[in-house]
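Below, chain A is the first sequence line, B the second, and so on; all start at residue 1.
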Amino acid sequence: MGAGRFCGVHRMSTMFLRTLRDDPADAEVPSHRLLVRAGYIRRAAPGGFSWLPLGYEVFRNVERIVREEMNAAGFQEVHFPALVPKEPYEATNRYEEYGPNVFRVEDRHGAHFLLAPTHEELFTLTVKDLYSSYRDLPLIIYQIQTKFRDEARPRAGLLRTREFLMKDSYSFDVDDAGLQASYDAHRVAYIKLFERMGLPFVIVAATSGAMGGSASEEFLAPLDVGEDTFIRCTSCDYAANVEAVSTPVPDAIPFDDLPPAVVHHTPKTPTIATLVDYVNADPDTRHPERDWTAEDTLKNVVVKLKHPDGTVEPLAVGVEGHRDVDMKRLEAQFAPAEVVPFSDEDFAQHTTLKKGYIGPGVLGSENASGIRYLLDPRIVDGTTWITGADEYDHHVLQLVAGRDFTADGTIEAAEVLDGDICPSCGGTVEIARGIEIGHIFQLGRKYAEALGLTVRDENDQPITPTMGSYGVGVSRCLAAIAEATHDEHGLCWPREIAPADVHIVVAGKDGGPQGPVAETVATELEAAGVRVVLDDRQKTSPGVKFKDAELIGIPTIVVVGRGIADEANPVIEVKDRKTGGREDIAVDALVDHIVARCR
RNA sequence: CGGGGUGUAGCGCAGCUUGGUAGCGCGCCACGUUCGGGACGUGGAGGCCGGGAGUUCAAAUCUCCCCACCCCGACCA
């Protein structure tokens with residue numbers, strides 16, 4: 001057989017590959033840095049990457065795992081166009097709601113298209129085209145396809161791009177029980193799929209954002225580089241994205257015996273910190289037994305809600321003074337509306353609002369400002385607060401909720417803090433960051449209704465199916481795996497993801513006996529079904545080859561070196577990339593040994 | 001879109017304050033020596049100094065405008 005140029009063994013001497021000695025300057029997070037350094041990907045556009053041979057192997061492996069698990073779950077693969085007409089998206093109002101995040105294109109006739117950010121509409125319309133009976137349902141179909149989003153800020157290499165590979169599936173059921181079953185089937189399939197990828201993950205309660213619908217959970221890889229913040233309970237299994245956290249509501253407190261509210265002159269106290277310092281220092285306001293803290297204050301933040309139809313509505317939110325208003329959480333409550341800050345010009349128009357001294361006295365649709373006022377759920381009747389008196393340099397103490405003020409409702413928008421109370425068991429929660437690798441939604445009938453999808457039931461009456469949609473970020477998973485598995489030497493792939501099973505290093509003089517032995521070993525391994533990368537580069541020192549092998553991160557490294565010179569017992573070194581453990585294996589036993597490792 | 005930073009050889013960077021013939025390391029090419037942990041010597045190739053305008057006898061360097069990229073915030077698989 002010999003060293004045929006085009007046999008299945010991947011040869012470093014001819015592979016389209018250049019590893020970099022230095023970290024690329026524009027890469028910050030480990031996955032980005034290492035994937036570029038190891039020659040897997042190259043940046044080709046803002047938020048767009050080219051896949052080089054090693055990278056594309058890995059890319060296909062991740063895709064294959066997703067496909068196999070979808071098929072194993074009994075879902076059917078389809079493939080829709082990425083370039084789609086805008087009309088279906090107008091019917092569901094998402095052409096508007098997605099706003100600047102969609103790439104819009106025009107054809108030569110001036111017709112409008114978009115590069116699909118997700119495909120609910122097209123799937124729904126196709127089911128409408130073909131199906132008309134309840135007997136056709138349930139149906140679950142999926143695709144693995146490039147998605148486009150005009151991200152304001154692509155970042156962190158593959159973690160946030162404008163073009164990415166996503167698996168998206170859609171379920172159609174006649175009733176809620178069916179939807180629940182389709183949802184559960186995805187949940188189970190996703191658990192298998194992420195376990196198989198070797199990716200640590202947590203499942204958290206989530207909000208559905210622009211997608212619409214009710215129940216939704218996210219699969220997060222718990223890594224600090226992630227952009228999502230979630231909480232998990234330290235004593236039970238509750239976990240939630242901070243956007244979806246529900247705050248346990250304390251019992252109301254009787255307030256009949258509480259002292260009346262008093263307004264105090266508190267000069268130069270426009271912030272919580274200056275206010276707390278002031279009331280602790282002034283004998284008139286000092287607490288008899290302890291120091292006041294930010295937790296004793298009620299902070300009122302005014303923002304504007306910008307609705308997709310262009311209307312703008314001011315909104316006031318009251319939270320405990322030691323917490324900020326979490327704009328992400330707030331926005332999640334009002335999606336698809338956008339939350340924008342209240343500017344100085346806005347303050348100028350709303351003269352009842354005294355910036356830095358805003359209190360419940362003027363807030364609320366019934367009060368002077370007429371601005372809708374929503375409170376954090378912890379601010380129950382009977383709680384006592386220090387808060388703004390709606391007059392510059394004045395605050396009010398002993399202001400009691402339910403007695404001295406009420407709001408238009410409650411809102412989940414306060415910043416979630418480490419040590420908060422678990423809504424499920426009453427324990428304490430901790431905060432962590434994660435990469436969103438999957439998201440499952442129960443959409444309900446929003447899309448079917450908007451697009452007129454109905455089927456006939458057993459009484460020949462039209463019914464509207466209920467839908468779910470389920471996504472896995474395939475290219476993002478690849479980056480998440482790199483994040484979760486790399487070490488200081490380089491990438492370190494799980495075997496099923498890795499671009500090959502073994503990386504054979506020829507460590508000897510050019511023209512020495514190691515070359516032919518490595519060739520033979522490579523050929524035999526290949527024949528035994530092992531995926532092989534062979535570093536047969538000439539004029540390359542062993543040190544460079546070792547470093548590259550570790551950088552590239554194939555799970556088993558085989559070193560054909562001086563060990564084969566021992567005529568009585570020639571050996572080849574086998575090194576585990578992850579553990580660093582090495583052992584010498586007799587040349588004759590090598591293939592069997594490697595095959596056993598790769599199982 | 002707001003704030004911060006960076007654009008000089010394929011990659012990583014110096015030079016800019018104080019204007020005067022474009023530099024270093026790695027990589028690349030040739031020859032030789034090396035050959036188990038990013039070897040060494042000798043000799044080479046490679047640059048519209050992000051773009052445009054201006055100031056000046058003279059601009060990588062000073063001024064203005066623009067662009068791109070990275071990071072932090074506002075959005076999402």
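Look at B:A58: it lacks any Watson-Crick or wobble partner with both distances under 3.5 angstrom. B:A68 and B:U6 make up a base pair, with Watson-Crick or G-U wobble contacts both under 3.5 Å. Base-pair partner of B:U63: B:A53 (Watson-Crick or G-U wobble, both distances under 3.5 Å). Pairing of B:C13, defined by two Watson-Crick or G-U wobble distances under 3.5 Å, is identified with B:G23. In this structure B:C40 sits in a base pair with B:G32, meeting the Watson-Crick or G-U test at under 3.5 Å.
Base engagement by A:E573 is indicated by at least one non-hydrogen atom pair under 4.0 Å involving a base atom. Residue-level contact check: A:R582 touches the bases, meaning some heavy atom is under 4.0 Å from a base atom. Nucleic acid contact class of A:I437 (heavy atoms, under 4.0 Å, all strands): sugar-phosphate only. No engagement by A:G471 is indicated, since no non-hydrogen atom pair under 4.0 Å with the nucleic acid exists. When heavy atoms are screened at a 4.0 angstrom cut-off, A:A549 is found touching no nucleic acid atom at all. At the heavy-atom level, A:T146 lies nowhere under 4.0 Å from the strands shown.
In this model, the phosphate group of B:C72 is approached by a side-chain N or O of A:R155 to a distance below 4.0 Å at OP1 or OP2.
Taking the six-membered ring wherever Trp is involved, the centroid distance between the rings of A:H186 and A:F75 falls below 6.0 Å.
Of the residues near RNA chain B, A:E28 and A:E218, the one whose nearest nucleotide (by heavy atom distance) lies more toward the 5' end is A:E28. Across the interface with RNA chain B, nearest-nucleotide mapping of A:P154 and A:E163 shows A:P154 to be the residue nearer the 5′ end.
The backbone N or O of A:Q538 sits less than 3.5 Å from a side-chain atom of A:T540, completing a donor-acceptor pair. In this structure, the side chain of A:K167 does not engage the main chain of A:R67 through any donor-acceptor pair within 3.5 Å. Checked by atom type and distance alone, the side chain of A:R577 pairs as donor or acceptor with a backbone atom of A:L491 at under 3.5 Å. Within the 3.5 Å criterion, the main-chain N or O of A:D536 finds no donor-acceptor partner in the side chain of A:R11.
Straight-line distance from the NZ atom of A:K547 to the C1' atom of B:G36: 12 Å, rounded to whole Å. Here the P atom of nucleotide B:C70 and the CZ atom of A:R33 are 16 Å apart, to the nearest Å. Rounded to an integer number of Å, the gap from CD of A:E550 to C1' of B:G36 is 12 Å. Look at CD1 on A:I144: it is 18 Å from P on B:A77, rounded to the nearest Å. Atom CZ in A:R37 sits roughly 12 Å away from atom C1' in B:C26 (whole-Å rounding). Residue A:R160 contributes atom CZ, which lies 12 Å from atom P of B:A74 at whole-angstrom precision. If you measure from atom CG of A:D510 to atom P of B:U33, you get 12 Å, rounded to the nearest angstrom. Regarding A:H186, its NE2 atom lies at a distance of 14 Å from the C1' atom of B:A77, rounded to whole Å.
Counted within 6.0 Å of CZ on A:R104, heavy atoms from surrounding residues, nucleotides or ligands total more than 12; the atom is thus considered enclosed.
Separation of the P atoms belonging to B:G20 and B:G73 is 41 Å when rounded to the nearest angstrom. As rounded to the nearest Å, B:C48 and B:C67 have C1' atoms that lie 16 Å from one another. Of the P atoms belonging to B:G50 and B:A68, the separation is 16 Å, rounded to the nearest Å.
Salt bridge absent: A:K539 and A:D510 never bring a charged side-chain N and a carboxylate O closer than 4.0 Å.
Here A:F123 contributes atom CZ and A:S169 contributes atom OG; the two are 8.0 Å apart, rounded to the nearest 0.5 Å.
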Could you write out each protein N or O paired with an N or O of nucleotides 3-13 of chain B at a distance under 3.5 Å?
| unit_1 | atom_1 | unit_2 | atom_2 | d |
| --- | --- | --- | --- | --- |
| B:G12 | OP1 | A:A25 | N | 2.8 |

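Residues forming a side-chain contact (heavy atoms from CB on, under 4.5 Å) with A:S541 (at least two apart in sequence, or on another chain): A:V544.
Evaluation of A:F546 against the base of B:G36 yields no stacking contact (centre distance < 5.5 Å, interplanar angle < 30° required).
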